[in-house]
Amino acid sequence: MPAGGFSSVTPAGVEFEAKITPIVIISCIMAATGGLMFGYDVGVSGGVTSMPDFLKKFFPVVYRKTRNPGIDGNYCKYDNQGLQLFTSSLYLAGLTATFFASYTTRRLGRRLTMLIAGFFFIAGVVLNAAAQDLAMLIFGRILLGCGVGFANQAVPLFLSEIAPTRIRGGLNILFQLNVTIGILFASLVNYGTAKITGGWGWRLSLGLAGIPALLLTVGALLVVDSPNSLIERGRLDEGKAVLRKIRGTDKIEPEFLELVEASRIAKEVKHPFRNLLKRRNRPQLVIAVALQIFQQCTGINAIMFYAPVLFDTLGFGNDAALYSAVITGAVNVLSTVVSIYSVDKVGRRVLLLEAGVQMFISQVIIAIILAFKVKDHSDDLHKGFAILVVVMICTFVSAFAWSWGPLGWLIPSETFPLETRSAGQSVTVCVNLLFTFVIAQAFLSMLCHFKFGIFLFFSGWVVIMSIFTLFLIPETKNIPIEEMTERVWKQHWFWKRFMDDDEVADVTNGDIAKKNGHANGFDPTSQL
């Protein structure tokens, strides 16, 4: 596991000693339950919005259209801004919360930020399950969104910092794995609660989100904060003790000194967001922002939010639609497991590029089938074609789940230097939630107007993102976070032009220059 040595200029290939200790595995599993909550929220909304009792209570206009598809046709029966706001309000709230989460992550630590997320989740679940009107329902979703903002800010950072370098990718993807498990769990719950007579099945679906919310809260109480976070807040002895504990060895001095040095440099940066815009940080910022935009423009969240609604639109019927959503949820989980195994072996770029080809082909095939077989007022999709559509959606979901899903979070969390890491993660989460909100708010309207063309729209984006990956995303597997500048950015054919040694030297040596100047009674730069 290559990493640095004692000095700030680290020799490539020096290894820090680290065992894969039970405390690291347990801490990562506990922290990653933030993903479980996020996934459940993503998965539950689509199933609930296809339940007649829920629609009748909160969205009577949509309910009438689903009872009589002849009014607006198959593609437009769910086109309603209020219904889309129920789903998307969570992401708009998360977008706002992530700015506050950036502050708490830096000043209060990763662990406490996860705890705050847990409290927001619990409050949101209570309001949603007990909702009496649309305002109460939306407010509950907003509180859940605040939880998502805080959890998505803290959890990927925590996982990247606590994991040994050689398994950092796999442990970080635990967050995404839990997102997919949450989606599957929500689909299974929806399938069961849709059969409940009496009109309260949707309350149970929304209320069971309390299970992952409690898991995250308890997990945040039990885990230790990351050494990086403790050292960053000046608690050096505690940071050293935690580092010794999580690495399972006493030989932690080189890694500890590198973390202290990285923290010293980070503290010189008074305005991390302003620093994020500096030329040397542009590669990480551009890639982080692009990954979040591309992740949403694959169309995955549109499919995962609205899978039951989408399958119902295609003529599957409500029961079959929920069943098909369970199948896609299961494929999502299994494919993310593939990613955990392969990301630190084959690398990030290979997974992204292979998935681009797979997603493009499956989306084009879906578009062709729908163009010829699903009309506005057709009653049913032929059984053979229906199965083919489900298979192609599963092919698409599997490709996303071992590539753009987990890597969209992993790559930004491991490429930003410590001095801009909280700010960088905040921008990453913010852009992700902004585009998630846009897609969630627009998808059902786009489906109404584009019809089958919606899949061609997303496939066009897949081509663009694959070209971007081919030329501009470097390989980061098995490279320690603090060595990214030397071993990744300065070696890349395009990004190396942004790595000005003079500018880096100004930051790392500025403090030394000031001290020398005061000690000698003159400013050393005045001689230049």
Side-chain angles (χ1 to χ4, degrees), residues 2 12 156 160 168-169 172-173 176 276-300 338-339 342-364 396 398-417 420-421 424-425 427-428 430-432 434-435 439 455-481 483-501 503-504:
S160 278
R168 185 180 66 229
N172 196 284
I173 289 171
Q176 182 67 19
L276 200 56
L277 298 174
K278 288 189 176 177
R279 180 177 171 83
R280 70 175 178 278
N281 292 320
R282 208 163 297 159
Q284 301 96 312
L285 183 62
V286 169
I287 285 174
V289 169
L291 282 171
Q292 304 317 305
I293 296 171
F294 290 152
Q295 190 188 66
Q296 296 313 310
C297 289
T298 57
I300 186 67
V338 171
S339 183
S342 58
V343 68
D344 289 317
K345 290 185 171 62
V346 303
R348 284 69 163 148
R349 278 170 54 84
V350 171
L351 289 175
L352 290 172
L353 292 169
E354 184 280 332
V357 175
Q358 192 172 321
M359 288 192 293
F360 176 79
I361 292 170
S362 56
Q363 285 182 319
V364 169
F396 167 78
S398 68
F400 177 87
W402 64 54
S403 62
W404 287 93
L407 300 183
W409 294 110
L410 171 61
I411 293 172
S413 75
E414 67 183 4
T415 51
F416 283 109
T420 57
R421 196 168 300 155
Q425 183 68 9
V427 170
T428 300
C430 187
V431 173
N432 184 281
L434 174 63
F435 279 84
I439 295 291
F455 289 97
L456 295 177
F457 171 78
F458 288 131
S459 67
W461 276 102
V462 169
V463 172
I464 294 168
M465 65 186 74
S466 297
I467 293 169
F468 182 89
T469 301
L470 185 63
F471 292 106
L472 294 176
I473 296 184
E475 184 54 70
T476 55
K477 73 166 181 173
N478 297 334
I479 296 172
I481 294 175
E483 290 188 15
M484 288 290 172
T485 300
E486 291 296 326
R487 295 176 57 186
V488 174
W489 306 116
K490 286 188 177 181
Q491 309 303 322
H492 191 270
W493 72 274
F494 180 75
W495 298 123
K496 65 183 178 184
R497 69 191 70 185
F498 294 93
M499 297 292 118
D500 294 334
D501 285 330
E503 192 181 354
V504 175

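The first residue in the sequence is number 1, and the count goes up from there.
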Taking every non-hydrogen atom, the tightest pair across [X] and [Y]:
{"X": "Lys345", "Y": "Lys477", "value": "O-NZ, 2.7 Å"}
{"X": "Ser466", "Y": "Leu353", "value": "O-CD2, 3.6 Å"}
{"X": "Thr485", "Y": "Met499", "value": "CG2-SD, 3.8 Å"}
{"X": "Val346", "Y": "Val350", "value": "O-CG2, 3.6 Å"}
{"X": "Thr298", "Y": "Met465", "value": "CG2-SD, 3.5 Å"}

Problem set entry | Option passing side-chain contact (heavy atoms from CB on, under 4.5 Å) with Pro474 (candidates His492, Gln491, Arg487) | His492
For this session: Let me see the working for Arg497 and Arg279 under side chain to side chain contact (heavy atoms under 4.5 Å, CB included), right down to the final yes or no.
Result: CA-CA 9 Å; Arg497 69 191 70 185; Arg279 180 177 171 83; 4.3 Å; yes
Seminar exercise, completed: Distance col, row Glu483:CD vs Lys490:NZ, nearest 0.5 angstrom, shows 12.0 Å
Exercise. Rounded to the nearest 0.5 Å, how far apart are CD1 of Ile439 and CD of Gln296?
Worked result: 7.0 Å
Using a 3.5 Å distance criterion without hydrogens, assess whether the side chain of [X] forms a donor-acceptor pair with backbone atoms of [Y].
{"X": "Ser362", "Y": "Gln358", "answer": "yes"}
{"X": "Arg349", "Y": "Leu470", "answer": "yes"}
{"X": "Trp489", "Y": "Asn281", "answer": "no"}
{"X": "Arg282", "Y": "Trp495", "answer": "no"}
{"X": "Gln363", "Y": "Phe457", "answer": "no"}

Problem set entry | Evaluation steps, side chain to side chain contact (heavy atoms under 4.5 Å, CB included), between Ile300 and Phe458 | CA-CA 9 Å; Ile300 186 67; Phe458 288 131; over 6 Å; no
Indicate yes or no: at least one non-hydrogen side-chain atom of [X] is less than 4.5 angstrom from one of [Y].
{"X": "Val463", "Y": "Phe468", "answer": "no"}
{"X": "Pro412", "Y": "Gln292", "answer": "yes"}
{"X": "Arg348", "Y": "Ile473", "answer": "no"}

Problem set entry | side chain to side chain contact (heavy atoms under 4.5 Å, CB included) between Ile479 and Met484, intermediate numbers included | CA-CA 7 Å; Ile479 296 172; Met484 288 290 172; 4.1 Å; yes
Exercise. Thr469 and Phe294: side chain to side chain contact (heavy atoms under 4.5 Å, CB included), yes or no, with the steps?
Worked result: CA-CA 10 Å; Thr469 301; Phe294 290 152; 6.0 Å; no
Distance-only criterion, 3.5 Å: show the donor-acceptor pairs between side-chain atoms of residues 283-291 and protein atoms not counting sequence neighbours.
none

Could you pull out every donor-acceptor pair under 3.5 Å between side chains of residues 399-411 and any protein atom, sequence neighbours left out?
from	atom 1	to	atom 2	distance (Å)
Trp402	NE1	Glu354	OE1	3.0
Ser403	OG	Ala399	O	2.6

